[in-house]
Amino acid sequence: MLQGVNTYIGIFADTFKYFNRGKAWLWLLVIFVVEGIILQAHYKFYSPLFYWIMSPWINLDQQTATGFIHYPGHFLLLPLYFGKAKFIIGSFFEGAVLGAVALIFYRHSTGSTDTFRSRGLQLFMRWFQLCFAWFIINGLFFLVNLLLPQLFGSFLINSPRRMSVFNNVFLPFIFVLIMSMFYFMIPYIAIYRANVFKAIKNSFLLFFRNPFICFFAALTILIIPVILSILLSNQVTIVNKFNPELVYYLLLLGLFFDLLVNFFWVGTAVRYLIEKE
């Protein structure tokens, strides 16, 4: 147990040493900027700059389209529309970006002399594997968030206390558990040129050998995004009792913390993989 605590502290302490890796931050800023544009497009959907693409997207679901384009229904539905768009677009590039960051951290820690061309080619060859890995993790998050409330619907109905425990404790626990089990998948693919199935296998093995480290590492990096998610799940209260635009600002704040989550996720995973070499 004590060794696990020391390792947990050590991988986070070592990750702080990556803060001066400017190239890593530039890669992570790609995700931040793209998702920021997606959020802005949903916030200012009526702008001529965005309307040509937002109109077909909004009207895919006729049941919610009318609510989205009217105030304050716009802010009630903003997390739903933005979350779906973020997931779809992120599936095409975010895994590869995180893989690039993992390579930068690994090269810095090991003193690798790989050339930029060889590392770039390696990343390109693993693009599909990395994006598929990202899709698996976030797809599981999406399915859990969609299916579990339906599965437990009869148990939760007419019980605000049960619903509160379900939304604020049980669902976050499941998200952290998923993250901890797949914690090393993307860095493993990027560093060791593995396919996604081998990466899943090794990530699972590391989790079952060291569940304490994996679970609490995942909990540490997800704690603030989980809190923001809980706040945004109460968007009806925010819209009715506060300023509806607070929903937009919470989503924007979430993008900033996602930047830090990705940094510490990849950094700690790389440090742990190096330690196990």
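Along the sequence shown, residues are numbered consecutively beginning with 1. Just the heavy atoms: all of them, side chains too, but no hydrogens, waters or symmetry mates, feed the values below.
- For the pair T15 (side chain) and T268 (backbone), a donor-acceptor distance under 3.5 Å is present.
- If you take CH2 on W265 and CG on L222, they are separated by 9.0 Å, rounding to the nearest 0.5 Å.
- Without hydrogens or angle criteria, R126 side chain to A190 main chain gives no donor-acceptor distance under 3.5 Å.
- Listed by chain and number, the residues in a side-chain hydrogen bond (donor to acceptor under 3.5 Å, both in side chains) with K17 are D14 (sequence neighbours excluded).
- With hydrophobic clusters built from ILVMFWY side chains whose heavy atoms lie under 4.5 angstrom apart, F197 shares a cluster with F182.
- When side chains are defined from C-beta on, E245 counts as touching Y43, because their heavy atoms get closer than 4.5 Å.
- Of the residues listed (Y71, F82, F68), the one engaging F45 in a ring pair (Phe, Tyr, Trp, His ring centres under 6.0 Å) is F68, and it is the only one.
- Put simply, CG on L177 and CG on L219 are 11.5 Å apart, with the number rounded to the nearest 0.5 Å.
- Between C214 and L206, the closest heavy-atom pair is SG-O, 3.8 Å.
- The two atoms that bring A24 and F105 nearest to each other are CB-CE2, 3.6 Å, heavy atoms only.
- Using the six-membered ring where Trp is involved, F204 and F208 have ring planes that are perpendicular, over 60° apart on the 30 and 60° scheme.
- In this structure, CZ on R271 lies 10.5 Å from CG on L273, to the nearest 0.5 angstrom.
- F75 CZ: more than 12 foreign heavy atoms inside a 6.0 Å radius.
- Looking at K44 and Y51, their side chains never come closer than 4.5 Å, going by heavy atoms from C-beta outward.
- Placement of V266 and L260 within a single hydrophobic cluster is found when ILVMFWY residues are connected by side-chain heavy-atom separations under 4.5 Å, directly or transitively.
- No chain of hydrophobic side-chain contacts below 4.5 Å, direct or via other Ile, Leu, Val, Met, Phe, Trp or Tyr residues, connects F141 to L143.
- Linking ILVMFWY side-chain heavy atoms closer than 4.5 Å, directly or via other members, places W52 and I38 in a single hydrophobic cluster.
- Closest non-hydrogen pair, I221 versus F264, comes out as CG2-CB, 3.9 Å.
- Under the 3.5 Å distance criterion, with hydrogens and angles disregarded, a donor-acceptor pair is assigned to the side chains of Y18 and S109.
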For N262 and V101, run side chain to side chain contact (heavy atoms under 4.5 Å, CB included): C-alpha distance rounded to whole Å, both residues' side-chain angles, the deciding distance at 0.1 Å, then the answer. CA-CA 9 Å; N262 287 331; V101 174; over 6 Å; no

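- The closest side-chain heavy-atom distance from L98 to L28 is below 4.5 Å.
- In this structure, F16 and F19 have parallel ring planes: the angle between them is below the 30° cut-off, well short of the 60° mark.
- Contact annotation: the side chain of I230 never approaches that of N167 to less than 4.5 Å [non-hydrogen atoms, C-beta and beyond].
- Looking at heavy atoms from C-beta onward, K86 lies in side-chain contact with L255 at the 4.5 angstrom threshold.
- A distance-only check finds a donor-acceptor pair linking the side chain of N168 to the backbone of S164 [under 3.5 Å].
- Counting only heavy atoms from C-beta outward, the side chains of F128 and V196 never approach each other to under 4.5 Å.
- Counting heavy atoms of neighbouring residues, nucleotides and ligands inside a 6.0 Å radius, atom CG of L205 exceeds 12 of them.
- Atoms NE2 and OH, on H74 and Y81 in that order, are 10.0 Å from each other to the nearest 0.5 Å.
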Would W134 and F93 satisfy ring pair (Phe, Tyr, Trp, His ring centres under 6.0 Å), going step by step from the backbone distance to the final call? CA-CA 9 Å; W134 186 93; F93 78 98; 8.0 Å; no

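- Here the closest non-hydrogen pair linking V270 and P187 is CG2-CB, 4.2 Å.
- Atoms OH and CD1, from Y106 and I274 in turn, are 6.0 Å apart once rounded to the nearest 0.5 Å.
- Among all heavy-atom pairs drawn from G254 and L228, the shortest one is CA-CD1, 3.6 Å.
- The distance from atom CD1 of I137 to atom OG of S203, rounded to the nearest 0.5 Å, is 7.5 Å.
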Going through the distances and angles, do L251 and H42 end up as a side chain to side chain contact (heavy atoms under 4.5 Å, CB included)? CA-CA 11 Å; L251 289 170; H42 284 76; over 6 Å; no

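- Listed for the W127 side chain is a donor-acceptor partner under 3.5 Å among the backbone atoms of F92.
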Candidate pair L148 and F170, rule side chain to side chain contact (heavy atoms under 4.5 Å, CB included), full reasoning: CA-CA 10 Å; L148 284 189; F170 181 69; 3.9 Å; yes

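- Minimum interatomic distance between V226 and P172 (heavy atoms only, all atoms of both residues): CG1-CB, 3.6 Å.
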Check step by step if ring pair (Phe, Tyr, Trp, His ring centres under 6.0 Å) holds for F215 and Y8. CA-CA 10 Å; F215 184 84; Y8 164 81; over 10 Å; no

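- Using a 4.5 Å cut-off on side-chain heavy atoms (C-beta onward), I238 and L250 make contact.
- The aromatic rings of F87 and F142 sit parallel, their planes meeting at an angle under 30°, below the 60° perpendicular limit.
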For W25 and F263, run side chain to side chain contact (heavy atoms under 4.5 Å, CB included): C-alpha distance rounded to whole Å, both residues' side-chain angles, the deciding distance at 0.1 Å, then the answer. CA-CA 8 Å; W25 286 112; F263 176 86; 3.6 Å; yes

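- Neither side chain, N202 nor Y192, offers a donor N or O lying under 3.5 Å from an acceptor on the other.
- Residues D258 and F32 fail the side-chain proximity criterion, which asks for heavy atoms closer than 4.5 Å.
- Taken together through direct or relayed side-chain contacts under 4.5 Å among Ile, Leu, Val, Met, Phe, Trp and Tyr, I31 and L253 form part of one hydrophobic cluster.
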